[in-house]
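Remarks on the structure that follows.
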Amino acid sequence: MNIKYRRLKGTRDIMLEEIERWHWCEARWTEVLARYGYGEIRTPVIEPTDLFLRSVGEGTDIVDKEMYTFETKGGESLTLRPEMTASVVRAYLENGLIRQPGTIKFYYMAPMFRHDRPQAGRYRQFHQVGLEAIGSGSPVLDAEVIQTAMALFEAVDARGLMVKVNSIGCPECKPAYVKDLRVFLQENIESVPVNMRSRIDVNPLRMYDAKDEGVQELLAGFKPITDSICDACREHYEIVLATLRELDVPHEEDPTLVRGLDYYCRTTFEITATAGRKQSSLCGGGRYDYLVEQCGGPATPAIGFSIGIERTLLHLNDDPVDPQRSRQSQVDIYVACKGLDAQRYGFVSADILRGYCRVEVDTSDRSLKAQAKSANLRRARFLLTVGEDEIRNDNLQMKNLDTGEQKPVARSQLLAAVREVLEG
RNA sequence: GUGGAUGUAGCUCAGUUGGCAGAGCCCCUGGUUGUGGUCCAGGUGGUCGUGGGUUCAAGUCCCAUCAUCCACCCCA
């Protein structure tokens with residue numbers, strides 16, 4: 001077959017058995033998030049490009065090479081969101097939620113777009129479940145947010161995970177460290193691969209992300225950022241760690257954990273899968289106490305994280321779903337029809353039942369044998385058969401697919417008969 | 001952006017030194033004049049990713065190109 005249109009690179013079709021898995025996870029996540037006090041937020045997938053340029057920050061990979069950006073006929077630059085935090089902050093300000101008392105807590109489960117090279121667990125359109133808690137700078141909230149992330153993983157039985165936490169300081173102490181780091185890197189520039197050197201000027205902290213052994217060795221000889229943060233940040237970090245211990249959230253400190261986005265400050269964290277060579281980073285998050293202000297609002301502390309849904313699913317089960325082998329949606333009653341008149345009779349009969357259970361009327365006009373086979377594949381519990389005799393007698397043959405027992409049922413008695421057997 | 005692997009039926013894949021394009025699964029029909037899960041028989045389905053080249057002859061060899069997957073970079 002020469003199919004004319006194919007899905008875009010890095011995108012996927014989610015359906016049949018796989019979408020059942022998504023629904024299962026989504027239902028559990030929604031429940032957990034509600035228990036932690038989060039309400040859903042849905043924002044547009046397109047935003048002004050500037051929103052991401054200024055929040056995520058130029059010099060990050062996301063902004064420099066991964067955004068789906070286009071221009072409207074009017075000359076306005078728009079971008080498909082590469083992440084959600086900026087949009088939530090924008091919505092928070094735009095809808096006047098600054099006037100709401102207490103901490104605003106939003107969650108989302110939504111598609112994001114990054115023009116990256118696809119590979120296992122990495123897509124151009126991918127989905128994140130995440131949350132943003134805006135309005136509180138308490139370190140206790142940091143710990144609760146990290147615990148919430150773990151609760152989301154536990155809710156879908158994800159195991160073998162490690163929480164890594166770090167503090168990257170605030171505008172009081174971070175710049176001095178960055179400056180020292182830059183000087184240190186310049187002095188040892190021969191140890192830095194050529195293609196990474198530009199990072200020294202743009203965003204030296206991100207050198208910690210490099211997996212290059214030489215760079216790792218070099219940075220091991222430099223003072224960790226946690227030794228350089230100011231007293232206020234230090235105290236904040238200590239309380240986060242202490243609270244995590246009190247909450248029994250297993251975690252380890254990782255002073256090399258800096259995050260790729262500019263807006264983070266103080267607490268940053270990441271949750272990774274300890275086994276498997278695939279994309280092991282399942283969750284990333286941190287505090288962003290200056291983003292709201294930067295977006296034009298009053299100084300407002302906030303924290304959030306996002307979990308990659310595809311990656312989490314990949315971590316849960318390595319078996320890919322084969323569309324060929326996966327079932328269509330289940331039904332309770334399957335109606336097999338011999339001929340067009342029988343289909344009409346079948347539909348009217350199904351209409352009686354639909355207020356009560358799931359019914360599929362077969363309009364394929366295949367052999368009754370083939371239709372019965374489909375009934376079985378759909379895991380129907382009862383097969384109703386309609387042919388010329390049934391139309392004439394105003395009844396349906398009703399077969400119990402577990403026992404094989406079959407008997408005619410008058411249409412006027414159909415609902416009562418079905419209720420009796422399905423409830424009994 | 002860099003590197004590696006793979007493209008043959010709807011799916012998973014065989015295809016020998018270059019010589020008639022195959023199997024399993026799925027699907028359809030029949031065995032059962034109107035009935036499922038097992039079984040048996042038959043059948044539908046292919047521009048061999050695409051375009052060039054070599055050759056009497058190319059799925060097979062050569063070149064190019066596209067797509068997919070994997071890895072790097074980075075990230076969810």
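Proteins get letters first, then strands, A, B, ... in listed order; numbering begins at 1 in each. Just so it is clear, the structure is predicted and the values come from calculations on it, not from any experiment.
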Item to check | Sidechain-backbone polar pair: A/Y38 side chain, A/T30 backbone, donor-acceptor under 3.5 Å | outcome: no
Checklist entry - Heavy atoms under 4.0 Å, any strand shown: does A/Y334 hit a base, just sugar-phosphate, or nothing? => result nothing
Item to check | Polar side-chain atom of A/N95 near backbone of A/L97 as donor-acceptor pair, under 3.5 Å | outcome: no
Item to check | Distance test, side-chain N/O of A/S367 to OP1/OP2 of B/U29, below 4.0 Å | outcome: yes
Checklist entry - Does A/K105 use its side chain to pair, donor to acceptor, with the backbone of A/Y36 at less than 3.5 Å? => result yes
Checklist entry - How do A/E405 and A/L261 order along RNA chain B: which one's closest nucleotide is nearer the 5' end? => result A/E405
Checklist entry - With no hydrogens and no angle check, is any side-chain donor or acceptor of A/S306 less than 3.5 Å from a backbone partner on A/V129? => result no
Item to check | Given B/A76, B/G37, B/U35, the nucleotide with the shortest approach to the side chain of A/S306 | outcome: B/A76
Checklist entry - If you measure from the P atom in B/U47 to the same atom in B/C56, how many Å do you get, rounded? => result 29 Å
Next on the checklist: Is there, by distance only and without an angle test, a donor paired with an acceptor across the side chain of A/Q371 and the base of B/U35 below 3.5 Å?
Outcome noted: no
Checklist entry - Starting at CD1 of A/I307 and ending at P of B/C75, how long is that distance when rounded to a whole Å? => result 18 Å
Checklist entry - Roughly how far apart, to the nearest Å, are B/A76 and B/G18 at atom C1'? => result 49 Å
Checklist entry - Taking atom P in both B/C25 and B/A21, what distance in whole Å separates the two? => result 24 Å
Checklist entry - From B/U2, B/G36, B/G34, pick the nucleotide closest to the side chain of A/R117? => result B/U2
Next on the checklist: So, under a plain 3.5 Å distance rule, would you say the side chain of A/R6 forms a donor-acceptor pair with the base of B/A67?
Outcome noted: no
Checklist entry - Roughly how far apart, to the nearest Å, are B/A14 and B/G31 at atom C1'? => result 31 Å
Next on the checklist: As a test of reading the structure: which of B/C74, B/C27, B/G34 is closest to the side chain of A/L377, going by heavy atoms?
Outcome noted: B/C27
Checklist entry - Which residue, A/V386 or A/S374, contacts RNA chain B at a nucleotide closer to its 5' end, judged by nearest heavy atom? => result A/S374
Item to check | Interatomic distance where CG belongs to A/L205 and C1' belongs to B/C75 [whole Å] | outcome: 17 Å
Checklist entry - Side chain of A/T385: nearest nucleotide among B/C72, B/G34, B/C75? => result B/G34
Item to check | Rounded distance (Å) that lies between atom P of B/G34 and atom CD of A/Q397 | outcome: 14 Å
Item to check | P-based separation of B/G37 from B/U29 [nearest Å] | outcome: 13 Å
Item to check | N/O (side chain, A/Q119) to phosphate O (OP1/OP2, B/C70) under 4.0 Å | outcome: no
Checklist entry - Where the side chain of A/H315 meets the backbone of A/S280, is there a donor-acceptor pair that is under 3.5 Å apart? => result no
Checklist entry - According to a 3.5 Å limit on both distances, what stems of 3 or more consecutive Watson-Crick or G-U pairs are formed with RNA chain B? => result B:1-7 with B:66-72, B:10-13 with B:22-25, B:27-31 with B:39-43, B:49-53 with B:61-65
Checklist entry - Taking only N and O in the side chain of A/R7, is any of them less than 4.0 Å away from OP1 or OP2 of B/U68? => result no
Checklist entry - With a non-hydrogen cut-off below 4.0 angstrom, is A/A380 in contact with a base, only sugar-phosphate, or nothing? => result nothing
Checklist entry - Going by the angle between their ring planes, with limits at 30° and 60°, are A/Y177 and A/F222 parallel, tilted or perpendicular? => result tilted
Checklist entry - CG of A/D362 versus P of B/U35: gap in Å, rounded? => result 15 Å
Item to check | Base B/G36 paired with A/K399 side chain (donor-acceptor, <3.5 Å) | outcome: yes
Next on the checklist: Would you measure the distance from the C1' atom in B/A58 across to the matching atom in B/U50 and give it in whole Å?
Outcome noted: 16 Å
Checklist entry - Is A/R366 near enough to B/C28 that one of its side-chain N or O atoms lies under 4.0 angstrom from OP1 or OP2? => result yes
Next on the checklist: Need one value for A/G121: base, sugar-phosphate or nothing, where a base atom within 4.0 Å counts as base even if backbone is also close, heavy atoms only.
Outcome noted: base
Next on the checklist: Is it true that, when you exclude A/K223 itself, more than 12 heavy atoms of the residues, nucleotides or ligands shown sit nearer than 6.0 Å to its NZ?
Outcome noted: yes
Checklist outcome for this item: Rounded to whole Å, CD of A/E310 lies from P of B/A76 at a distance of 13 Å
Checklist entry - Would you say A/Q397's side chain and A/Q406's backbone share a donor-acceptor pair under 3.5 angstrom? => result no
Checklist entry - Which value, in whole Å, describes the distance between the P atoms of nucleotides B/G24 and B/C70? => result 30 Å
Checklist outcome for this item: Closest of B/U29, B/G3, B/G31 to the A/A370 side chain is B/U29
Checklist entry - Are any side-chain N or O atoms of A/R81 and backbone N or O atoms of A/M112, one a donor and one an acceptor, separated by less than 3.5 Å? => result no
Next on the checklist: Rounding to an integer number of Å, can you tell me how far A/Q328 CD sits from B/G36 P?
Outcome noted: 19 Å
Checklist outcome for this item: Rounded to whole Å, the CZ-P distance (A/R259 to B/C75) equals 7 Å
Checklist entry - If you measure from the P atom in B/U2 to the same atom in B/U17, how many Å do you get, rounded? => result 36 Å
Checklist entry - OP1 or OP2 of B/C75 sitting under 4.0 Å from any side-chain N/O of A/R206? => result yes
Checklist entry - Can you check the A/K9 NZ to B/C66 C1' distance for me, whole Å? => result 9 Å
Checklist entry - Between B/C74, B/G36, B/A71, which one does the side chain of A/E66 approach most closely? => result B/C74
Checklist entry - Counting just side-chain N and O atoms, does A/K373 come under 4.0 Å of either OP1 or OP2 of B/C27? => result yes
Next on the checklist: Classify A/E390 by what it touches in the nucleic acid, base, sugar-phosphate, or nothing, heavy-atom distance under 4.0 Å.
Outcome noted: base
Item to check | Check: A/R54 side chain, A/C295 main-chain N or O, donor-acceptor pair, under 3.5 Å | outcome: no
